[in-house]
Amino acid sequence: MSSIALWGVIIAGIVVLTPLADRIRVPLPVLLTLFGILLPLIPGTPGLRLDPELVLPVVLPPLLFAATQRSTAREFRSQARPILITAVGLTIASAGVVAVIAHAAGAPWAVAWVLGAIVAPPDPVAATAVARRLRLPGRVVTVLEGEGMFNDATALVLYHVAVAAVVAGSVTAAEVGLDLLLAVVVGIAVGAAGGWLGHLLLGRIRVPAAETTVTIALPFAAYLVAEELLGSGVLAVLTLGLWLRSVSHTSVSSGGWLLGRSVWEYADYLITGVVFVLIGFELTSVLDGNPVADIALPLSLAVVAALILLRFAWMFPAVWWLERGMADRARRQGVPEHVAGIGAFTQRETLVISWAGMRGVVSVASALALPHLVASGEEFPQRDTVVFVGLVVVLATLVLQGLTLAPVVRRLGVGTTADETAEVAELRERATRAALDAVLARGDLPAPVRDAVAQQYEGYLAAQQALSEARQEGGDAEGRYGELVDELLRDAVEVERDVCVQARNAGEVSPHVADEVLADVEARAVRDLD
């Protein structure tokens, strides 16, 4: 099998496993990892060699930026304390505990900290896939996603400092402190500057393809510039993404927003899938090249056990401490506890968060990015063992916790009755009514102009209300009105598509005209059916 054919098989596997994961209710990262382990075992499958220097700059910027586009800074501010405690405190504690275990197993301190930084950050991909499917409360999802983004920054800053110490041979405590401070300050500054520049550019382009190109280029540019200036590329991308998410929507055209959203969803999906598949290939490469030390497997199991136990030992006291602090502030301010948000996390929710500690993409990428040589020209000490342990930890936590998280959530009865479909319909109606009021208030415009636009909004509002009422009806024997509405809408959309395509193919209209109408048809289909 050629390398090109292998990549085709990998992409095909990702595509096939995506609907399968949803059907059998197994997190997609788990299936992809197992696929990546089995694929290299097929005779004739070539190995995959990745340049360590390219792994982090290629993988991290799109994944981190895509993550920021699913959330907002306000959500993170609302859960800032638990996110800070987990993303910074727990990440540093996890790296430290693993470093102690690795050093006790014979690794030099610098190498031990490298391993600790690699396995410290949990990955929210598998956890949030389960969380959203089972409708976990929004605050739980926010904490998991916020932890997943900001613990990457914490872990990768530690990772870069530790790797630099191994490569250089030695560093002082003062140098470490300066490197950490520089990484944080420069990373945030570069991200903020990139966000400001991006907002400025997007406000002047107004061409969807060009707008999307800017949003694709900015995360890579921010990451590379920050790293070149000895800052944290991860913090630069997170700052950039949250900045643009907060302020740039009004600067982007409707077409640019739709195109950019699709591009980033696809990039997140494809890159994440490929990285999980690569776990198996890298494990095979490590085992085939130089057999790892005898201590590697026991060390891996010890690290997995330590990370799981530490997360439980950290989360419950942390939640108690947070609630005690909120209660004290509420008493001082004379605010009732239910208003102050006391008891934001129940014991069952805390248990779910504690169990959602699967390691993933960042751990894999940072393990693969380890340099092969140090400054003296010698091999990176115990590199194969560090990579092996890191990948085994990812695999073990994905399989153990990833496969059991959904049953745990169901068993505990943790969930919400929030109806997102109803919320979407309500917000659409509110936005449409506000637009209609604004149109009718324009007394400075000719009546035909104002009436034409008003009729469009009135028609849309009436259509949405009728669809909502029809979906909520249950007068038939099986209560399938909602399904029947969607079925009829799909049939109608297919008719529109056929008319447009036939007109285009017959030469009745130009391809551009047909595509413009099809774009409107598909946008309505997405709005009304997805």
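As the structure is a computational prediction, the values presented were derived from the model and not from experiment. Computed from heavy atoms alone, side chains included, the values below leave out hydrogens, waters and symmetry copies.
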As an exercise, state the distance from CH2 of Trp113 to CG of Leu115, rounded to the nearest 0.5 Å. 11.5 Å

Interatomic distance, Ile83 atom CD1 to Thr86 atom OG1 [nearest 0.5 angstrom]: 6.5 Å

Please check this pair: side chain of Ser232 against backbone of Gly187, looking for a donor-acceptor N/O pair closer than 3.5 Å. no

Looking just at side-chain N and O atoms, do Thr404 and Trp355 make a donor-acceptor pair shorter than 3.5 Å? yes

Does any non-hydrogen side-chain atom of Gln401 lie less than 4.5 Å from one of Ile308? yes

Might you confirm whether atom CD1 of Ile4 has over 12 heavy atoms from other residues, nucleotides or ligands at distances under 6.0 Å? no

Please work out whether the ring planes of Trp109 and His103 are parallel, tilted or perpendicular, with thresholds of 30° and 60°. parallel

Donor-acceptor under 3.5 Å (Ser363 side chain, Ile118 main chain): yes

Between Arg359 and Ala120, is there a donor-acceptor pair closer than 3.5 Å when you use the side chain of the first and the backbone of the second? yes

Quick one, Asn151 and Val88 - any side-chain contact, counting heavy atoms below 4.5 Å? no

Measuring from atom CG of Leu202 to atom CD of Glu211, what distance do you get when rounded to the nearest 0.5 angstrom? 6.0 Å

Side chain to side chain, Leu218 and Phe65, heavy atoms closer than 4.5 Å: no

Tell me the closest heavy-atom pair linking Gly241 and Thr68, and the distance in Å. CA-OG1, 3.3 Å

Could you tell me if the side chain of Leu230 sits less than 4.5 Å from the side chain of Asp179, heavy atoms only? no

Could you label the plane-to-plane angle of the Tyr266 and Tyr269 rings as parallel, tilted or perpendicular, counting under 30° as parallel and over 60° as perpendicular? tilted

When you compare the side chain of Pro62 with that of Phe220, does any pair of heavy atoms fall below 4.5 Å? yes

Do Val274 and Leu32 have side-chain heavy atoms sitting under 4.5 Å apart? no

Salt-bridge criterion met for Arg383 and Glu379 (N-O under 4.0 Å): no

Could you check whether any side-chain heavy atom of Leu90 comes within less than 4.5 Å of a side-chain heavy atom of Ile85, counting everything from C-beta outward? no

Given Thr239, Thr154, Val157, Leu64, the one that forms side chain to side chain contact (heavy atoms under 4.5 Å, CB included) with Val234: Leu64

If you define the side chain from C-beta out and look only at heavy atoms, does anything of Leu297 sit under 4.5 Å from Val389? no

Would you call Arg311 and Glu147 a salt bridge, taking side-chain N to carboxylate O under 4.0 Å as the test? yes

Would you confirm whether Tyr223, through its side chain, and Leu60, through its main-chain N or O, come within 3.5 Å as a donor-acceptor pair? no

Are the side chain of Thr397 and the backbone of Val394 linked by a donor-acceptor contact shorter than 3.5 Å? yes

Donor-acceptor under 3.5 Å (Glu349 side chain, Thr346 main chain): yes

